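As structure tokens, the structure follows; a few thoughts come after it.
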Amino acid sequence: MNRRNFLKKSVLYGSAAVFAPSLLSSCAEKNSRHPDIRHNSHKGKMSLSYFSYDLQLRHTFTVSGYSRNTTPDVQVRIDYEGYTGHGEASLPPYLGYTVEGTMSFLERVDLSQFASPFLLEDILSYVDGLADGETPAKAAIDIALHDLIGQLTAQPLYALLGLNPEKVLDTCYTIGIDTPEVVRAKTLECAGLFNVLKVKVGYDGDEEMVRTIREVTDLPLVVDANQGWHDRSEALEKICWLSEQGVRMIEQPMPKESLDDIAWLTQHSPLPVFADESVQRLSDIRSLRGAYTGINIKLMKSTGIREALKMINYARAEGMQVMLGCMTETSCAVTAAASLSPLVDFADLDGNLLISNDLYEGVGLCDGRLCLPNRPGLGLIGLS
Ligand code: MG
């Protein structure tokens with residue numbers, strides 16, 4: 001038995017509950033039995049409702065700068081002619097949006113002026129114009145409308161987008177910053193289930209973190225510094241060392257304000273350098289040309305699927321690589337992002353696996369690869 005198969009069996013037999021649906025189901029029931037559903041007051045053919053839902057993280061999540069155990073989240077429904085489209089706004093604190101702000105934005109959305117969910121361009125332009133920011137709330141509406149249209153046409157989202165489900169990617173799985181013991185345990189827990197791991201760095205213990213993971217697995221790694229490095233020469237030294245450790249790319253090595261230093265780093269780096277905190281929406285990409293090799297698109301930043309598609313096309317036209325990322329999210333938003341993965345170079349779509357109270361079965365994992373449901377829309381099945 002090779003090392004990888006051994007790890008795989010260790011994970012499956014040693015901690016089978018990690019991804020067990022029964023566990024997900026019981027947690028989801030506990031959290032969603034009596035959700036405080038709010039109904040948007042504008043009455044029309046489409047009706048909008050939503051409720052807050054705290055995502056419980058499996059492990060304390062630490063990246064360069066902060067730690068947390070939960071992620072605030074708002075689940076969104078749009079009903080139309082007997083069908084329900086599901087969407088979601090994940091609100092990790094660093095994004096700067098709140099449950100209250102998201103709900104108050106959703107209350108302002110008046111869908112009664114639109115005859116059908118197929119008027120995506122009109123609806124989403126109107127929603128975008130209601131306020132600056134509020135990108136997760138806008139993404140929730142975008143995702144719910146795409147789910148709804150898929151159900152109305154009896155087509156999975158990937159088919160609506162004209163994409164081949166066989167071309168989905170491996171997803172990486174994130175190991176947060178922690179003590180060597182915890183990092184070792186987390187790596188053991190997941191190494192047999194994934195083909196690439198993502199490592200959070202950007203602090204003094206970077207090398208120890210990577211060496212600890214390398215004691216357990218030789219899987220390819222991607223690395224995210226979350227703006228944690230501040231000296232470009234030191235950052236380059238670290239990247240050169242990381243490239244010798246089987247790292248394939250580096251995400252947001254330095255603060256987004258240090259664009260000139262990042263451009264210098266990208267020019268000298270042996271690894272592709274991706275923007276994450278530096279890029280939110282389509283309009284941000286233009287200023288990053290030449291400074292980064294690629295961009296990380298997340299639906300909660302991009303206002304959803306429709307603008308994410310525009311961002312992918314624009315980045316490609318500029319010769320940039322693209323990765324798809326996510327926040328901690330239920331399988332609703334992660335499945336939406338996974339449906340776009342045939343178009344990109346890297347997928348970092350593990351947000352649903354990082355929580356213990358998912359509400360849905362959606363995108364799956366087959367030998368480390370994303371596996372899209374062959375059901376209409378997002379193809380979600382409720383777990384509660
Ligand atoms: Mg990142």
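Values in this document were obtained by computation on a predicted structure and should not be read as measured data. Ligands are counted one by one from 1 in listed order, and the atoms in each one are counted from 1 as well.
Residues I312 and V344 have side chains in contact (heavy-atom distance under 4.5 Å, counting atoms from C-beta outward). When side chains are defined from C-beta on, L124 does not count as touching E121, because their heavy atoms never get closer than 4.5 Å.
Of the angles at the Mg ion (ligand 1), the one spanning OD2 of D224 and OD2 of D276 is 180° when given to 10°.
Formation of a donor-acceptor pair under 3.5 Å by the K301 side chain with backbone atoms of D276 is found in this model.
Linking Ile, Leu, Val, Met, Phe, Trp and Tyr whenever their side-chain heavy atoms come within less than 4.5 Å leaves V196 and V363 in two separate clusters.
Using a cut-off of 2.8 Å, one finds that E277 contributes no N/O/S atom close to the Mg ion (ligand 1). At least one N, O or S atom of E251, from either the backbone or the side chain, sits less than 2.8 Å from the Mg ion (ligand 1).
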